[in-house]
J.: 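Before we start, here is the structure in question, set down as structure tokens.
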Number of protein chains: 2
Amino acid sequence: MSRSSKAKVDDLAEDLDELPPLTEELEGFLGYRLRRANAAMHRHFIAAVADLGITQKQAAMLWLINSNPGTAQVSAADALGMDRATTMAIVDRLDERGLLLRKQSSADRRRQELYLTPAGQNLLRKAKARVAKHEERFTSLFTASELKFLLEALRKLRDVT
Amino acid sequence: MSRSSKAKVDDLAEDLDELPPLTEELEGFLGYRLRRANAAMHRHFIAAVADLGITQKQAAMLWLINSNPGTAQVSAADALGMDRATTMAIVDRLDERGLLLRKQSSADRRRQELYLTPAGQNLLRKAKARVAKHEERFTSLFTASELKFLLEALRKLRDVT
DNA sequence: CCAATTAGTATGTGACACATACTATTCGTG
DNA sequence: CACGAATAGTATGTGTCACATACTAATTGG
């Protein structure tokens, strides 16, 4: 014991760092917890792929294009829940880095089909390994059934109109 | 039935909008689902308090100060998981709108104690009503025990180092 | 007493979200 | 078929937030 056993009971909270947190009220909110959890996972993600210099959104875009070559910008935007302007900014950034290319669709000349360049495929391959470890770090907190419930719960939240 | 029963089985997916989504692979990731759920709830929050012109972070700051008058900026920053620079920007904005005020601590003159102004208290009161409805819209998707698990799961994710 | 730490501040960069507006193209309906 | 509506991409601007860096003033600890 580092302290005398005569320490007053009143001191216990302070001793054990059990003072009520400033966020006590906020902790009851799903929105607050969701934001904090997302912030933590986002930070961890950025750190995990720091040497690749991509964000969650950029990685998601590369991933989506790799799985669906030729997808139009607007389709990618819808799939990822972004508007066209935001999608433009993200695709622009990846385009400037030579990670993807735009090709006008012959079927509908308004559309720009998106494809990964070899550089983009290469970067995505590296990203996949890091993301797998990153995900494992978080999913390992739960049992398989807990994780299943959690993923479904998050889907329900997303689909609220 | 709107279509002939002779429709080929191959057509079923198209008929029922069950084509695999472009995000099929991404859906398996906890980070992706978390981001989408958070984005949905964030959008809903902003819409819920649109007439008050505050963000989630600003509301959280007002809430925290209201519950803990005199809290220093750095304490609020720690509690909300933000750095000092970001906290400054948020407090500045609320300060400019006259929703809070800074008062130099007499005990430690480096510290700026934060207090809500009557305008800030008034705005927070309105916000609380809207946030309650907003939260209800999402928490009502779950049973009490499911919600308990979800909140705890999100706390675990936040606390990952 | 002095070095290290802490709190607040200032400044700059980058990523996103969203609004608006404009052009080119395609679609739908009279 | 023609023409207005809708769609895809683009350009531009605003606002929020995260983070890095650097600086000052104040406090703390050895």
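So that the names make sense, note that chain A is the first sequence line, chain B the second, and so on, each numbered from 1.
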J.: Under a 4.0 Å heavy-atom cut-off, which of residues 35-63 of chain A touch DNA chain C?
T.: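 Within this stretch, A:T55, A:K57, A:Q58 sit under 4.0 Å of the strand.
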J.: I want to verify a distance call: between C:dA17, D:dA8, D:dT16, whose nearest atom is closest to the A:T86 side chain?
T.: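 Within the option list, the nearest is C:dA17.
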J.: Taking for each residue the nucleotide of DNA chain C with the nearest heavy atom, is it B:V74 or A:I90 whose nucleotide lies nearer the 5' end?
T.: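 On the 5' side of the pair lies B:V74.
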J.: Reading DNA chain D from 5' onward, which residue's closest nucleotide shows up sooner: A:R102 or B:G81?
T.: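 The answer here is A:R102.
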J.: By the 4.0 Å heavy-atom rule, please label A:A89 as base, sugar-phosphate, or nothing.
T.: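 Counting heavy atoms under 4.0 Å across all strands, no contact is made by A:A89.
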J.: Round to the nearest Å and state the distance from A:M88 atom CE to C:dC18 atom P.
T.: 17 Å
J.: So do the side chains of A:L26 and B:L80 get within less than 4.5 Å of each other, counting heavy atoms only?
T.: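 Yes; the side chains approach each other to less than 4.5 Å.
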J.: Round to a whole Å and report the spacing from CG of B:D92 to C1' of D:dC17.
T.: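 It is 13 Å, rounded to the nearest whole Å.
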J.: If every non-hydrogen atom of B:L154 is compared with every non-hydrogen atom of B:L34, which pair is closest and at what distance?
T.: CD2-CD1, 3.9 Å
J.: Both A:S105 and A:A85 contact DNA chain C. Taking the nearest nucleotide for each, which residue is further toward the 5' end?
T.: A:A85
J.: Does the pair B:E27/A:R158 count as a salt bridge with the N-to-O cut at 4.0 Å?
T.: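 Salt bridge between B:E27 and A:R158, a charged N being under 4.0 Å from a carboxylate O: yes.
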J.: Using whole Å, report how far CG of B:D95 lies from C1' of C:dA10.
T.: 16 Å
J.: Can you tell me how far C1' of D:dA8 sits from CG of A:D83, to the nearest Å?
T.: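 Rounding to the nearest Å, CG of A:D83 and C1' of D:dA8 are 13 Å apart.
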J.: Provide, to the nearest angstrom, the distance between the CD atom belonging to A:Q73 and the C1' atom belonging to D:dA11.
T.: 13 Å
J.: Using a strict threshold of under 4.0 Å (side-chain N to carboxylate O), is an ion pair present between A:R102 and A:D92?
T.: yes
J.: So, B:R130 and B:D51, do they make that salt bridge, N to O below 4.0 Å?
T.: yes
J.: Which residues pass the ring-ring contact (aromatic ring centres under 6.0 Å, His included) test with B:F138, sequence neighbours left out?
T.: B:H44, B:H134
J.: Restricting to salt bridge (Lys or Arg N to Asp or Glu O under 4.0 Å), what partner residues turn up for B:R110, sequence neighbours left out?
T.: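 Applying salt bridge (Lys or Arg N to Asp or Glu O under 4.0 Å) to B:R110 gives B:D108.
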J.: Looking at every non-hydrogen atom in both residues, tell me the closest pair between A:A119 and A:G98 and how far apart they are.
T.: CB-O, 3.8 Å
J.: Tell me whether A:R155 is salt-bridged to A:E152, with the criterion being a basic N under 4.0 Å from an acidic carboxylate O.
T.: yes
J.: Please determine, by modelled atom types, if B:E25 and A:S67 share a side-chain donor-acceptor pair under 3.5 angstrom.
T.: yes
J.: According to ring-ring contact (aromatic ring centres under 6.0 Å, His included), who are the partners of A:Y32, at least two apart in sequence or on a separate chain?
T.: none
J.: Have a look at A:M61 and tell me which of A:L99, A:T87, A:T71, A:N66 forms a side-chain contact (heavy atoms from CB on, under 4.5 Å) with it.
T.: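 Testing each of A:L99, A:T87, A:T71, A:N66 against A:M61, the sole residue satisfying side-chain contact (heavy atoms from CB on, under 4.5 Å) is A:T87.
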J.: For A:E113 and D:dA8, what is the distance between atoms CD and P respectively, to the nearest whole Å?
T.: 14 Å
J.: Rounded to whole Å, how long is the line connecting atom CG of A:L80 with atom C1' of C:dA17?
T.: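 Atom-to-atom, A:L80 to C:dA17, this comes out as 14 Å.
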J.: How does protein reach along nucleotides 22-30 of chain D, written 5' to 3' as B (base within reach of a heavy atom under 4.0 Å), S (only sugar-phosphate), or - (no contact)?
T.: ---BBS---
J.: When the C1' atoms of the five terminal pairs at each end define the local axes, what inter-axis angle does the helix from C:dC1-D:dG30 to C:dG30-D:dC1 show, to 10 degrees?
T.: 30°
J.: Looking at B:R93, I'd like to know whether one of its side-chain N or O atoms comes within less than 4.0 Å of OP1 or OP2 on D:dC17.
T.: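 Checking B:R93 against D:dC17: at least one side-chain N or O falls below 4.0 Å of OP1 or OP2.
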